[in-house]
Amino acid sequence: MTDIRNIVVLTGAGVSAESGIDTFRDAGGLWEQHRVEDVATPEAFERDPELVLRFYDMRREAIQQKHPNAAHEALARLDREWEGGLMIVTQNVDDLHERAGARRVVHMHGTHLNAWCTACDVRSPWTGTLIERPACPDCGERSLRPDVVWFGEMPYRMDEIFAALREADLFVSIGTSGAVYPAAGFVRNANDLGVRTLELNLEPSQGSAWFDESRHGPATQVVPPWVDEILAA
Ligand SMILES: [Zn+2]
């Protein structure tokens with residue numbers, strides 16, 4: 001693997017699952033009788049902001065009680081020790097990659113720990129609640145919403161992600177089902193560009209056939225050996 005210099009890693013729910021962060025899809029996609037699709041859209045926020053803010057306040061509080069696992073730690077070690085290019089693109093809205101020590105992280109679906117002001121477009125670090133409609137620390141308007149990409153909204157930083165894929169020698173997808181676009185399209189994009197592809201996932205995914213190689217198992221068991229391997233190469 002000495003020919004590998006630039007790596008793009010994509011992480012999904014499977015990386016945080018072993019830290020106890022569930023996706024609601026496991027529970028039939030329901031939260032208090034609401035389909036997750038009904039609390040994670042701009043339309044839902046317009047229709048019933050209290051419901052949506054309560055949901056995100058609960059999630060924001062919950063993730064602060066969780067801890068990074070061995071997969072987050074292995075990727076943080078890769079970030080520290082890998083001298084070539086690296087972008088860790090995550091679909092996760094928790095901060096467990098950062099808390100493990102990773103720095104080269106791109107949150108394509110936003111983060112629970114920011115509030116986004118729709119009046120002035122400034123994002124502020126946020127650990128508390130939003131349901132009481134607090135004032136934006138920047139402009140003072142009461143127009144804060146979760147800085148999370150909802151269904152129907154454009155993921156963040158796609159230009160940077162595609163630029164990194166074009167420069168990549170290896171694309172690694174970890175703990176993601178291959179079901180949600182545009183992330184699910186990265187592997188096909190990597191194939192078109194001639195980039196080597198590896199999947200690390202609990203089980204064969206809908207996208208497995210697109211990868212040069214797949215390794216299956218819980219993230220805490222398959223990610224650390226892969227990081228050891230790539231750092232030793
Ligand atoms: Zn503002």
Side-chain angles (χ1 to χ4, degrees), residues 1-2 4-23 63-114 149 155-158 160-165 167-178 180 182-184 186-187 189-190 195-203 205 207-208 211-233:
M1 283 192 246
T2 46
I4 293 172
R5 174 151 184 86
N6 297 324
I7 305 174
V8 174
V9 173
L10 171 69
T11 70
V15 171
S16 289
E18 290 169 85
S19 289
I21 297 182
D22 58 57
T23 61
I63 63 149
Q64 293 177 73
Q65 318 298 323
K66 310 296 184 186
H67 304 286
N69 62 47
H72 297 106
E73 275 153 20
L75 290 170
R77 187 161 77 87
L78 178 69
D79 191 358
R80 274 195 307 278
E81 297 181 15
W82 184 255
E83 289 172 1
L86 173 69
M87 180 183 279
I88 301 172
V89 179
T90 186
Q91 298 170 280
N92 298 336
V93 290
D94 62 58
D95 64 336
L96 297 183
H97 283 304
E98 287 89 343
R99 272 198 271 152
R103 292 289 168 267
R104 292 181 271 183
V105 182
V106 170
H107 280 272
M108 65 177 289
H109 289 164
T111 162
H112 277 315
L113 296 174
N114 274 351
V149 175
Y156 298 157
R157 300 172 69 179
M158 294 302 287
E160 278 172 76
I161 296 167
F162 282 116
L165 276 173
E167 297 298 314
D169 306 300
L170 176 66
F171 170 71
V172 187
S173 172
I174 307 176
T176 178
S177 66
V180 181
F186 292 165
V187 62
N189 199 257
V195 178
R196 195 136 107 205
T197 56
L198 168 67
E199 176 185 60
L200 305 176
N201 199 41
L202 184 59
E203 54 202 14
S205 75
S208 286
F211 289 87
D212 295 326
E213 186 190 349
S214 292
R215 301 180 192 175
H216 299 130
T220 57
Q221 287 173 35
V222 293
V223 178
W226 170 70
V227 169
D228 288 344
E229 191 181 303
I230 194 105
L231 286 174

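Just the heavy atoms: all of them, side chains too, but no hydrogens, waters or symmetry mates, feed the values below. Quick caveat, the model's predicted, so the values are computed rather than measured.
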Taking all non-hydrogen atoms of both residues, which atom of Ser19 and which atom of His72 are closest, and how far apart? OG-CE1, 3.7 Å
Quick one: closest heavy-atom pair of Gly110 and Tyr156, and the distance? CA-CE1, 3.6 Å
Taking all atoms of both residues into account, what is the closest heavy-atom pair of Pro224 and Ala219, and its distance? CD-O, 3.6 Å
Would the distance check show the side chain of Trp226 and the main-chain N or O of Glu229 forming a donor-acceptor pair, the cut-off being under 3.5 Å? no
For Leu113 and Ile63, what are the C-alpha separation, side-chain angles and deciding distance, and is it a side-chain contact (heavy atoms from CB on, under 4.5 Å)? CA-CA 9 Å; Leu113 296 174; Ile63 63 149; 4.0 Å; yes
Candidate pair Val227 and Glu81, rule side-chain contact (heavy atoms from CB on, under 4.5 Å), full reasoning: CA-CA 10 Å; Val227 169; Glu81 297 181 15; over 6 Å; no
Quick one: closest heavy-atom pair of Lys66 and Arg99, and the distance? O-NH1, 2.7 Å
Gap separating the NE2 atom of His97 from the OG atom of Ser16, nearest 0.5 angstrom: 6.0 Å
Donor-acceptor contact present, side-chain Asp169 to main-chain Asn6, <3.5 Å: yes
Test side-chain contact (heavy atoms from CB on, under 4.5 Å) on Ile230 and Leu170 and set out the steps. CA-CA 11 Å; Ile230 194 105; Leu170 176 66; 3.7 Å; yes
To the nearest 0.5 Å, atom CD1 of Ile174 lies from atom CG of Leu202 at 13.5 Å
Any salt bridge linking Arg104 with Asp79? Criterion: basic side-chain nitrogen under 4.0 Å from a carboxylate oxygen. yes
Please give me the minimum heavy-atom distance between Gly101 and Ala76, naming the atom from each residue. C-CB, 3.9 Å
Any idea which heavy atoms bring Asp94 and His107 closest together, and the distance? O-CE1, 3.0 Å
For the residue pair Asn69 and Thr220, confirm or rule out a side-chain donor-acceptor distance under 3.5 Å. no
Once you round to the nearest 0.5 Å, how far does CG of Asp95 lie from CG of Asn114? 10.0 Å
Would Arg80 and Arg103 count as a side-chain contact (heavy atoms from CB on, under 4.5 Å) if you check the C-alpha gap in whole Å, the side-chain angles of each, and the deciding distance to 0.1 Å? CA-CA 8 Å; Arg80 274 195 307 278; Arg103 292 289 168 267; over 6 Å; no
Let me know which of Ile7, Asp212, Val89, Thr197 forms a side chain to side chain contact (heavy atoms under 4.5 Å, CB included) with Phe171. Thr197
Ignoring hydrogens and geometry, is there a side-chain-to-backbone donor-acceptor pair from Asn201 to His216 under 3.5 Å? no
